[in-house]
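Notes follow once the structure below has been shown.
Counting starts at 1 for both ligands and their atoms, in listed order. From a predicted model like this one, the values you see are computed outputs, not experimental measurements.
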Amino acid sequence: MSHELVLVLDFGGQYNQLIARRVREHKIYCEVKSYKTPVEEIKAMNPKGIIFTGGPNSVYLDDSPRMPKEIFEIGVPVLGICYGVQFMAYSLGGEIGTAVDSSLSEFGRTETEVDTSSLLFKDIDKTTITWMSHNDYIKKLPAGFEVCAHTAKCPYAAIQNVEKKFYGVQFHPEVNHTERGFDMLGNFLYNVCGCRGDWTMESYAETAIRDIRAKVGDGKALLALSGGVDSSVACKLLAKAIGSQLTCIFVDHGLMRKNEGDEVEAAFADSGVNFVRVNAGERFLGKLAGVTEPEAKRKIIGEEFIRVFEEEAKKIGKVDYLVQGTIYPDVIESGLGDAAVIKSHHNVGGLPDYVDFKEIIEPLRLLFKDEVRALGTTLGLDEKLVWRQPFPGPGLAIRIIGDITPEKVATLQDADAIFREEIANAGLDRSINQYFAVLTNMRSVGVMGDGRTYDYTLALRGVSTSDFMTADFSRIPYDVLEKVSVRIVNEVKNINRIVYDITSKPPATIEWE
Ligand code: XMP
């Protein structure tokens with residue numbers, strides 16, 4: 001790729017991905033590499049700038065992460081953040097005070113005076129709030145450096161060697177609590193490194209399509225399409241690159257949300273790829289008949305999914321490439337090439353090993369989730385698929401408590417569709433991270449018209465979360481809930497009562513099964 005490149009060298013800080021995302025938000029391509037990457041390799045990548053991340057250690061510990069001094073001799077601007085600036089100062093002959101002197105440690109929002117004549121602080125207010133989180137601090141500057149920001153406790157909150165283009169900040173510009181942190185990073189990237197900002201999804205798509213064509217040649221590729229954002233975007237990209245040399249297999253287990261199977265088909269059937277939709281609803285429901293235990297449902301669906309995929313793949317025969325929707329956080333979390341911790345292709349989710357292919361293509365492996373969405377939009381993918389919220393592999397099977405019947409699936413699909421429609425009407429569809437309906441197996445008495453009813457209770461669930469590991473229930477306005485409730489009870493058969501789930505995770509989980 002011929003993009004401008006900025007490298008984030010990871011010293012073990014918790015914000016490595018965040019720094020990379022901020023750089024990319026500035027339209028500059030950025031990769032995270034381990035601090036163990038050989039300097040020669042870094043030089044060969046020809047970066048416009050290097051950012052050292054923070055890290056949990058003190059530079060004086062024997063096992064603290066260090067790079068050879070040569071990293072400062074390749075003529076590339078460096079920005080050190082937190083541990084990164086301490087490491088830079090220490091390596092170039094400065095002194096670091098240790099945690100023992102804890103009166104000088106700082107945590108949290110901190111008023112900071114910056115030197116606005118520094119390139120790093122161009123157009124920043126002289127007094128600004130930064131986010132500090134450090135025990136150690138720079139005690140003595142290395143030769144050639146000067147101070148360009150300080151706080152009440154920290155005399156060297158930012159330092160610079162203008163001639164060599166080395167900059168360092170004790171605070172964290174990548175977190176939002178540093179009020180002008182984004183602009184400070186921009187100053188480093190544009191004013192110090194001289195970047196122009198050539199990273200756009202249009203240019204990414206062009207390059208990726210060219211690379212995929214060169215790699216695949218006249219070979220054949222296979223993709224398991226789930227209708228989720230990642231596999232949908234991968235499919236669209238591959239469709240543009242190699243058209244009919246790609247086969248997509250979309251296993252519709254009949255437990256998708258209302259119309260979702262058709263939406264996926266509509267988005268891909270005419271895109272020039274070989275699109276195989278396997279309508280396996282009856283087959284899945286047959287296997288699930290009478291099964292009530294959540295884990296048993298999951299297992300049956302997982303296994304059946306592989307069986308169906310296997311049968312279809314066999315019909316196609318040998319393919320050269322298997323396409324996977326791995327994205328950049330998976331790559332970073334796999335350990336940055338540190339062999340011991342790599343978990344390879346963990347997002348495949350149990351696709352069969354036996355599928356006969358030569359190599360794997362991961363066209364999204366350099367992208368963050370928001371970039372995958374932006375790429376989807378650039379490629380003309382249906383907005384519904386671009387903004388699709390996470391949907392569990394087992395689908396509605398784990399949102400129907402107890403046994404599953406075709407009637408219950410239809411009831412839940414109708415109710416869920418109304419909920420989604422009203423959330424969208426209220427303009428809340430992008431702010432609630434996940435929302436859905438659950439058909440409980442509890443029935444209760446109601447009254448409709450002049451008659452008694454004895455029907456199911458439907459639960460609505462909406463959560464706000466950033467990582468889906470923990471979640472808070474969404475404060476959906478009562479008038480929106482009321483509209484949803486009235487519509488569902490009137491329009492959907494077999495439901496006479498609606499409840500809203502007000503538990504967070506933990507102690508509950510997001511799904512009910
Ligand atoms: P829980 O219910 O564990 O859900 O709080 C966390 C997130 O994971 C999704 N989820 C699944 N996704 N297969 C999946 O692909 C599953 O079996 C599964 N179970 C839960 C859930 O929708 C939520 O986003």
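Protein heavy atom nearest atom 3 (O) of ligand 1, with residue, atom name and distance: K505 NZ, 3.6 Å. Scanning all protein heavy atoms for the shortest distance to atom 11 (C) of ligand 1 gives P392 CB, 3.5 Å. Closest to atom 4 (O) of ligand 1 among all protein heavy atoms lies I510 CB, 3.9 Å. Atom 7 (C) of ligand 1 has F468 CB, 4.2 Å as its closest protein atom, hydrogens excluded (heavy atom only).
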Full working for salt bridge (charged side-chain N to carboxylate O under 4.0 Å, His left out) between R388 and E260: CA-CA 10 Å; R388 191 185 194 251; E260 210 162 30; 3.1 Å; yes
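Here the rule is side chain to side chain contact (heavy atoms under 4.5 Å, CB included) with I361, and of L322, D211, V216 only V216 fits it. For the pairing with L439, the side chain to side chain contact (heavy atoms under 4.5 Å, CB included) check across L458, V409, D416 returns one residue only, L458.
The residue among G393, G302, P390 with a heavy atom at the shortest distance from atom 13 (N) of ligand 1 is G393. Nearest residue to atom 19 (N) of ligand 1 from E511, R298, Q434 is R298 (criterion: closest heavy atom).
Judged by the 6.0 Å distance and 45° axis criteria, R180 is not positioned over the aromatic ring of F182.
In this structure, the ring of H172 has its center no less than 6.0 angstrom from the ring center of W131.
Taking all atoms of both residues into account, the shortest heavy-atom contact from L255 to L288 is CD1-CD1, 3.9 Å. Residues G55 and Y83 share a closest heavy-atom pair of N-CB, 3.2 Å.
Every atom of ligand 1 is numbered from 1 in the order shown, and the set under 4.0 Å from a heavy atom of T509 is 1 (P), 2 (O), 5 (O).
Within the 4.0 Å cut-off (strictly below), a protein heavy atom is located near atom 15 (O) of ligand 1.
Ligand 1 has no nitrogen or oxygen under 3.5 angstrom from a nitrogen or oxygen of P394.
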